[in-house]
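Scope of the values below: all heavy atoms of this structure, side chains included, with no hydrogens, waters or symmetry mates. Because the structure is a prediction, the values reported are computed rather than measured.
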Amino acid sequence: MSSPAPARPRPVHQAADLLAAYLPGSFYYSSARGSLLADGVYSPVHAAPGERARAAAEVLDAALVAGVPEPVVAGAIGFRPDAPSSLVVPAVVRRAGPPRAGGPVAPLGGGTWSVSPRPAPEVYTTAVAKALDEIRDGDLRKIVLARCLDVTGGDPVAVPRLLARLVHADPAAHAFAVDVSAPGDPAPRTLIGASPELLVSRRGRIVLANPLAGSRPRVADDAENARRISDLLASEKDRHEHAHVAAQVAEVLGRFCLDLDVPAEPEVIGTPTMWHLSTRISGRLADAGDAGSSALGLAEALHPTPAVCGVPTGLARDTIAALEPEDRGYYAGLVGWTDQDGDGEWVVTIRCAEVRDRTVRLFAGAGVVAGSDPAAELAETGAKFGTMLRALGLEGVA
């Protein structure tokens, strides 16, 4: 009688090893919850907006039956309802703990860089002024207007090195790199960033969202930072803007949850470049078994929040289309993963860029409400470009 084959130990991966193993075309995601690196495509997930969670659940069930170990759905979804998505069930998934702050990362290189704002700053401030007219004269109460920077180097951008610089700069951020190439693209495209904003996470019945709205740039002087934090907490304009976002997130999650904890007052959280008003909203799901209550289903229900769109949603989205000359694509959409149990994590696709060959297109937006100042909103977007510009070694050019 032959002896049974010894069970192979489950591989144990380190967060640093997953980051080092990333290559363009892979899916990388890390946060305080852990790191995930996925390669290959077992199956794409094709579905209409609002139906992606159910389609994902069906594909995950099929993957389990086919023997794919611990399958997940991973990828990104764009801003508009008709925007593209890159959702797939990868063939191989590796997990590790959260990344840690590491030593210095090699410079990105790229030689001489050229920077082109899209639109020109004066065009952006004119759009903000038009939005303020809409708010004063109509039903629009808040709108988020975005702009781009096209940064072009002399050599193709080293995406793995750029990702490593983002992760090491802020290991607590939700860092990601996703292949978003489309048929007909002249070169591969990678969506890359380090978002501070958790759209929603789910573990079993417990859900968590962390909407952000209202911000100030962070500086090197501690006393000035303390003053800016105090000013942000006292700002009627910023608190009003934040309240729009937190209220809508709580309302949507309330449809799915038996219990919901919504703090009465926001707090301030910081990234290496910004301070943000923040509200951590948590709840317990009524039905954790329904696909609509999966992490992806909750993310679809929440998207887009007023933090990246406005109030009311439909009017704000239409006004954005009329006032922004550049298509947002995946910017202000969502990126993340969901597993076969419905657990997962999705973040708002901000502090991000799309990399194509030698060009990096950066995105940043600012919330416009009654009392906003066009020049101040322009400056806010410039500060928000800082996350990606710092990783590129171009801090201060916006």
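- Classification of R361 and D150 as a salt-bridged pair holds, one side-chain N sitting under 4.0 Å from a carboxylate O.
- Using a 4.0 Å cut-off between charged side-chain N and carboxylate O, K130 and D133 make no salt bridge.
- Atoms OG and CZ, from S85 and R52 in turn, are 4.5 Å apart once rounded to the nearest 0.5 Å.
- Looking at R202, its side chain does come within 3.5 Å of a backbone N or O of S293 through a donor-acceptor pair.
- Here CG of L87 is found 4.5 Å from CD1 of I77. Values are rounded to the nearest 0.5 Å.
- Contact detail for P374 and V128: the closest heavy-atom pair is CA-CG1, 3.7 Å.
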* To do: Give the intermediate values and the outcome of side chain to side chain contact (heavy atoms under 4.5 Å, CB included) for residues K142 and V144.
  => CA-CA 7 Å; K142 175 185 175 179; V144 179; 3.9 Å; yes
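- Residues L394 and V157 share a hydrophobic cluster, clusters being chains of Ile/Leu/Val/Met/Phe/Trp/Tyr side chains in contact below 4.5 Å.
- With hydrogens and angles disregarded, no donor-acceptor distance shorter than 3.5 Å links the side chain of S230 to the backbone of A226.
- Around atom NZ of K237, more than 12 heavy atoms belonging to other residues, nucleotides or ligands sit under 6.0 Å away.
- Judged by distance alone, the side chain of R218 and the main-chain N or O of T271 form a donor-acceptor pair under 3.5 Å.
- L149 and L378 are assigned to two separate hydrophobic clusters, defined by single-linkage of ILVMFWY side chains at heavy-atom distances under 4.5 Å.
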* Report the C-alpha separation of T319 and E134 in whole Å, then their side-chain angles, then the decisive distance to 0.1 Å, and conclude whether the side chain to side chain donor-acceptor pair (under 3.5 Å) test is met. => CA-CA 9 Å; T319 307; E134 295 278 352; 5.4 Å; no
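- Rounding to the nearest 0.5 angstrom, the gap separating the CG atom in L145 from the CD1 atom in I320 is 6.5 Å.
- Heavy atoms only, all atoms of each residue included: F27 and G75 are closest at CE1-N, 3.5 Å.
- Shown here for L140 and L315, the closest heavy-atom pair between the two residues is N-CD2, 3.6 Å.
- The environment of CZ in R228 is crowded: more than 12 heavy-atom neighbours from other residues, nucleotides or ligands sit within 6.0 Å.
- Using bins of under 30°, 30° to 60° and over 60° for the plane-to-plane angle, the ring pair Y28/Y22 lands in the perpendicular bin.
- Listed for the D341 side chain is no donor-acceptor partner under 3.5 Å among the backbone atoms of D343.
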* Could you walk me through whether L162 and M388 pass the side chain to side chain contact (heavy atoms under 4.5 Å, CB included) check? -> CA-CA 9 Å; L162 178 58; M388 292 302 305; 4.2 Å; yes
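- Distance NE2/H242 to OG1/T279: 2.5 Å, rounded to 0.5 Å.
- Under the 4.5 Å side-chain contact rule for hydrophobic residues, V252 and L298 share a cluster.
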* Test side chain to side chain contact (heavy atoms under 4.5 Å, CB included) on N210 and I281 and set out the steps. => CA-CA 6 Å; N210 190 191; I281 300 171; over 6 Å; no
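- Of all the heavy atoms in A56 and L296, the pair that sits closest is CB-CD2, 3.8 Å.
- No donor-acceptor pair under 3.5 Å is formed between the side chain of E241 and the backbone N or O of A213.
- Residues L199 and L253 are members of one and the same hydrophobic cluster, defined by side-chain heavy-atom contacts under 4.5 angstrom among Ile, Leu, Val, Met, Phe, Trp and Tyr.
- Partner of R216 under the side-chain contact (heavy atoms from CB on, under 4.5 Å) criterion, out of N225, D238, L277: D238 alone.
- Here E236 does not pair with R239 in a salt bridge; the nearest charged N to carboxylate O distance is not below 4.0 Å.
- Ionic pairing of D39 and R94 is present here: one or more N-O contacts between side-chain nitrogen and carboxylate oxygen are shorter than 4.0 angstrom.
- Figure legend: cation-pi geometry between R95 and W337, with NZ or CZ positioned under 6.0 Å from the six-membered ring centre and within 45° of its axis.
- Remark: the backbone N or O of I269 is not paired with any side-chain donor or acceptor of S278 at under 3.5 angstrom.
- Note on V207 and L198: separate hydrophobic clusters, where clusters join Ile, Leu, Val, Met, Phe, Trp and Tyr whose side-chain heavy atoms are under 4.5 Å apart, directly or indirectly.
- A donor-acceptor distance shorter than 3.5 angstrom exists from the side chain of S195 to the backbone of V348, with no hydrogens or angles considered.
- Rounding to the nearest 0.5 angstrom, the gap separating the OG1 atom in T359 from the CH2 atom in W113 is 9.0 Å.
- In this structure, E380 pairs ionically with K384, as a charged nitrogen and a carboxylate oxygen lie closer than 4.0 Å.
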* To do: Evaluate the criterion salt bridge (charged side-chain N to carboxylate O under 4.0 Å, His left out) for residue pair D327 and R80; output intermediate values, then yes/no.
  => CA-CA 9 Å; D327 184 357; R80 292 188 60 84; over 6 Å; no
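- A distance of 4.5 Å separates CZ of F385 from CZ of R147, quoted to the nearest 0.5 Å.
- At distances below 3.5 Å, not a single donor-acceptor pair connects side-chain atoms of H174 with backbone N or O atoms of Y29.
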* To do: Please step through side chain to side chain contact (heavy atoms under 4.5 Å, CB included) for the pair V335 and Y330, ending with a clear verdict.
  => CA-CA 9 Å; V335 61; Y330 285 95; over 6 Å; no
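- Judged purely by atom type and a 3.5 angstrom limit, S31 has no side-chain atom pairing as donor or acceptor with the backbone of A173.
- In plain terms, the two heavy atoms of A76 and L191 that are nearest each other are CB-CD2, 3.8 Å.
- At most 12 heavy atoms of other shown residues, nucleotides or ligands fall within 6.0 angstrom of atom CG in D139.
- Annotation for A194 and F176: closest pair N-CE2, 4.1 Å, computed over non-hydrogen atoms.
- Side-chain atoms of H46 never come within 3.5 Å of backbone atoms of A55 as a donor-acceptor pair (strictly under, hydrogens ignored).
- Residue T387 is tested with L392, I350, T273 for a side-chain contact (heavy atoms from CB on, under 4.5 Å); the sole match is T273.
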* Full working for salt bridge (charged side-chain N to carboxylate O under 4.0 Å, His left out) between D290 and R54 -> CA-CA 9 Å; D290 181 69; R54 299 194 184 279; 3.4 Å; yes
